[in-house]
Amino acid sequence: MLKFLKGFTITALLASIFLSASIVKAADSKKPIVIPLHNWSSQVVMSYVIGGIFESMGNNVEYVSADSQAVYESIRQGDVTISHEVWQSAFGASFDAARDAGGLLDWGDHEARTLEDMGYPNWVADLCPGLPDWTALKNPDCAANFVTPDSGGKGRWLEGPQSWHQDLMPQRLEALGLDDLWMVKFAGGADALWAELEAAKKEGRGTIIFNWTPNFTDGAGFTFIDFPPYYDGCRPVDGGDGKCGSPDGYLKKAVHEDFPDTHPAAAAMFKKLSFTTSHIGAMAALVDVDGMTHEDAAKTWLANNESVWKPFLN
């Protein structure tokens with residue numbers, strides 16, 4: 001009997017050691033999950049939202065400023081762990097290149113679909129009859145209502161930072177035969193776009209700016225211009241003539257290939273995570289409308305939306 005008990009004790013001890021080793025192996029690493037910060041509100045707020053969820057699971061998080069194009073190579077190399085807002089129109093090519101080179105995994109899409117293009121606040125539509133049809137921009141009387149001191153007598157399109165789309169919009173103006181009447185100026189960041197919206201409204205003048213959805217402007221009355229439809233290969237970078245608008249695109253997530261092994265619980269949560277247009281617009285609005293810091297906006301959103309994010313933990 002004693003011999004049996006000793007044998008049972010040894011067996012139980014071995015089983016306990018094996019079970020403990022399995023648990024340790026399955027636990028998330030204490031190594032920080034590195035999350036990038038870019039230069040538009042929803043991305044930064046969502047960085048802190050996702051970081052907050054990771055931290056609620058016991059993970060360590062580190063935030064780093066990162067170029068919105070080069071970040072996919074950084075993920076591929078393992079310097080950054082995840083990307084949570086891969087916009088197809090702006091960053092799809094950089095994402096594809098990193099994925100195809102190896103080291104970066106496609107971790108699925110958000111429920112939200114995206115559009116990134118030029119448009120205008122609804123209250124300026126009367127300044128250019130025929131909008132949102134892009135052919136209205138051929139009218140010199142229309143262009144004259146969008147001249148600014150820095151536009152050289154032409155109507156101005158205010159693009160986002162040049163790093164987002166390079167020369168896509170100047171190429172489109174030329175391809176559509178609009179460059180005699182219009183020019184493109186690049187903003188320093190998203191804040192400059194929203195400052196332009198506010199200034200134009202206060203001054204009662206026309207403005208055409210780059211914008212996107214999901215964004216806080218979804219509920220504020222903003223219309224995208226109807227350019228010729230996008231199709232694969234229509235852009236100059238893909239060998240096309242550049243006359244097309246932007247696609248109805250994905251909003252994707254990406255991770256470094258080791259993430260599911262080093263942080264299995266966090267990786268599983270992140271793969272389930274999916275936000276809607278209204279979720280993302282609300283995150284941005286906390287900053288761009290309500291004036292919160294990005295960190296406080298994330299804390300507020302998490303506190304008010306537990307029913308949204310807690311199911312991702314299961």
Side-chain angles (χ1 to χ4, degrees), residues 26 28-29 32-38 40 42-57 59 61 63-64 66 68-116 212-215 218 230 232 246-284 298 301-302 305-314:
D28 280 359
S29 170
I33 299 170
V34 181
I35 303 177
L37 302 175
H38 298 321
W40 65 94
S42 69
Q43 194 278 339
V44 181
V45 176
M46 201 191 302
S47 293
Y48 291 114
V49 164
I50 294 170
I53 298 173
F54 285 151
E55 288 173 341
S56 77
M57 302 169 68
N59 288 287
V61 176
Y63 302 96
V64 296
S68 55
Q69 295 287 353
V71 69
Y72 306 106
E73 180 65 16
S74 298
I75 294 173
R76 192 180 79 80
Q77 298 288 347
D79 297 325
V80 174
T81 311
I82 70 169
S83 177
H84 52 277
E85 275 198 27
V86 186
W87 293 70
Q88 181 175 355
S89 182
F91 312 125
S94 298
F95 166 83
D96 289 345
R99 180 202 58 209
D100 294 347
L104 178 148
L105 303 178
D106 182 339
W107 222 231
D109 298 357
H110 290 278
E111 181 179 335
R113 298 293 295 177
T114 65
L115 178 63
E116 311 164 61
W212 57 88
T213 182
N215 201 1
D218 291 338
Y230 174 89
D232 288 342
S246 296
D248 165 35
Y250 59 62
L251 189 65
K252 193 174 286 297
K253 300 169 294 178
V255 302
H256 180 61
E257 63 180 358
D258 290 344
F259 188 44
D261 295 323
T262 60
H263 298 81
M269 185 285 295
F270 188 55
K271 193 156 195 177
K272 292 178 184 177
L273 180 143
S274 175
F275 291 131
T276 66
T277 295
S278 61
H279 295 152
I280 298 168
M283 292 179 197
W301 192 91
L302 285 168
N305 292 275
E306 290 188 356
S307 62
V308 174
W309 62 268
K310 283 197 171 180
F312 301 144
L313 301 175
N314 301 325

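- Here Phe95 and Trp107 keep their ring centres 6.0 angstrom or further from each other.
- Note that the OG atom of Ser278 and the CE atom of Met283 stand 9.5 Å from one another [nearest 0.5 Å].
- Between Val64 and Val80 there is a side-chain heavy-atom pair separated by less than 4.5 Å.
- Contact of the Ile75 side chain with the Val34 side chain is not registered, since no non-hydrogen atoms from C-beta on lie closer than 4.5 Å.
- Pro32 approaches Thr81 most closely through the heavy-atom pair O-OG1, 4.3 Å.
- Interatomic distance, CG of Leu251 versus CG of Leu115, reported as 12.5 Å (0.5 Å rounding).
- Nearest heavy atoms, Ile280 versus Ser42: CG2-CB, 3.6 Å.
- In this pair, Phe91 and His38 present their aromatic rings tilted. The plane angle is within the 30 to 60° band.
- In this structure, Asp258 has no salt bridge (Lys or Arg N to Asp or Glu O under 4.0 Å) partners at least two apart in sequence or on a different chain.
- In this structure, the side chain of Arg76 does not engage the main chain of His256 through any donor-acceptor pair within 3.5 Å.
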Audit row: Ile53, Met269, side chain to side chain contact (heavy atoms under 4.5 Å, CB included) steps and yes/no: CA-CA 9 Å; Ile53 298 173; Met269 185 285 295; 3.6 Å; yes

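- Between Tyr63 and Val61 the shortest heavy-atom distance is CZ-CG1, 3.6 Å.
- To the nearest 0.5 Å, the span separating CD1 on Ile35 from CD on Gln43 amounts to 9.5 Å.
- For the pair Pro214 and Gly281, the tightest heavy-atom approach, listed with the atom from each and the gap, is CB-N, 4.4 Å.
- Heavy-atom minimum distance, Thr277 versus Ala112: N-CB, 3.5 Å.
- Proximity of the aromatic rings of Phe270 and Phe312 is defined here by a centroid distance below 6.0 angstrom, and this criterion is not met.
- Separating the OH atom in Tyr230 from the OG atom in Ser246 is a distance of 8.5 Å, to the nearest 0.5 Å.
- No side-chain donor from either of Gln88 and Thr114 sits under 3.5 Å from a side-chain acceptor of the other.
- Heavy atoms only, all atoms of each residue included: Leu302 and Gly52 are closest at CD1-CA, 4.1 Å.
- No side-chain donor-acceptor contact under 3.5 Å links Glu111 and Ser274.
- In this structure, Tyr250 OH and Asp109 CG are separated by 8.0 Å, a value rounded to the nearest 0.5 Å.
- A salt bridge links Asp106 to Lys252: at least one charged side-chain nitrogen sits closer than 4.0 Å to a carboxylate oxygen.
- For the atom pair Lys253 NZ and Ser83 OG, the distance stands at 11.0 Å (nearest 0.5 Å).
- Asp218 places a side-chain N or O within 3.5 Å of a backbone atom of Asn215 that can act as its donor or acceptor partner.
- Checked by atom type and distance alone, the side chain of His263 pairs as donor or acceptor with a backbone atom of Ser29 at under 3.5 Å.
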